[in-house]
Amino acid sequence: FTSAATDVFHFMLIFFTLFMSWAVCGIVLFGNSVEQFADFERAMNTCLRVVLGEIVWHEVREEAGPIVGALWLWTFTFVNSLVVLNMLLAIIMDAYGDVKS
């Protein structure tokens, strides 16, 4: 458990760093025009909504433009869904392998 706890702590550190970076990027890109990115709290909430599967594409596309909005949304979704969550899965599987052996 302790080796997995250390790995999960490092994972959470990386996850929240990336998560907050995309929230700040959303504030910089869309803060003046999209209400969901008007401040840090709203941007974090919007990023959480995207991670949980509620796509905010229509609001961003209408106010910020389709190219910038799509680039932000797809990179955020790709990094958080495919890369970061697979890191968590690898940590869990490694800890399971240690426990099983």
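Atoms considered below: every heavy atom in the structure, side chains included; atoms not considered: hydrogens, waters and symmetry mates.
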In this structure, would [X] and [Y] fall into the same cluster of hydrophobic residues linked by side-chain contacts under 4.5 Å?
X	Y	value
Phe76	Leu52	yes
Phe78	Met20	yes
Leu71	Val51	no
Val83	Leu48	yes
Leu85	Ile14	no

[atom1] of [X] to [atom2] of [Y]: how many Å apart, nearest 0.5 Å?
X	Y	atom1	atom2	answer
Thr46	Glu35	OG1	CD	9.5 Å
Asp7	Met12	CG	CE	13.5 Å
Phe15	Thr17	CZ	OG1	10.5 Å
Thr75	Asn80	OG1	CG	9.5 Å
Cys25	Leu18	SG	CG	12.0 Å

Are the side chains of [Y] and [X] in contact, using a 4.5 Å heavy-atom criterion?
X	Y	answer
Phe37	Leu29	no
Trp22	Val79	yes
Leu73	Val60	no
Val8	Ile91	yes

Would a distance-only check, ignoring hydrogens and angles, find a side-chain to backbone donor-acceptor pair under 3.5 Å from Asn86 to Leu82?
yes
Could you tell me whether the side chain of Asn45 and the main chain of Glu41 form a donor-acceptor pair under 3.5 Å?
no
Please verify the inter-ring angle class for Phe30 with Trp72; under 30° counts as parallel, over 60° as perpendicular, anything in between as tilted.
perpendicular
Check step by step if side chain to side chain contact (heavy atoms under 4.5 Å, CB included) holds for Val34 and Gln36.
CA-CA 6 Å; Val34 179; Gln36 286 92 350; 3.1 Å; yes
Output, in order, the C-alpha distance, side-chain angles, deciding distance and verdict of side chain to side chain contact (heavy atoms under 4.5 Å, CB included) for Val84 and Phe19.
CA-CA 10 Å; Val84 175; Phe19 196 82; over 6 Å; no
Around atom CG of Asn32, are there more than 12 heavy atoms from other residues, nucleotides or ligands closer than 6.0 Å?
no
Look at atom CG of Leu89 and say whether more than 12 heavy atoms of other residues, nucleotides or ligands are closer to it than 6.0 Å.
yes
Nearest heavy-atom approach of Met44 to Ala23 is SD-CB, 3.7 Å
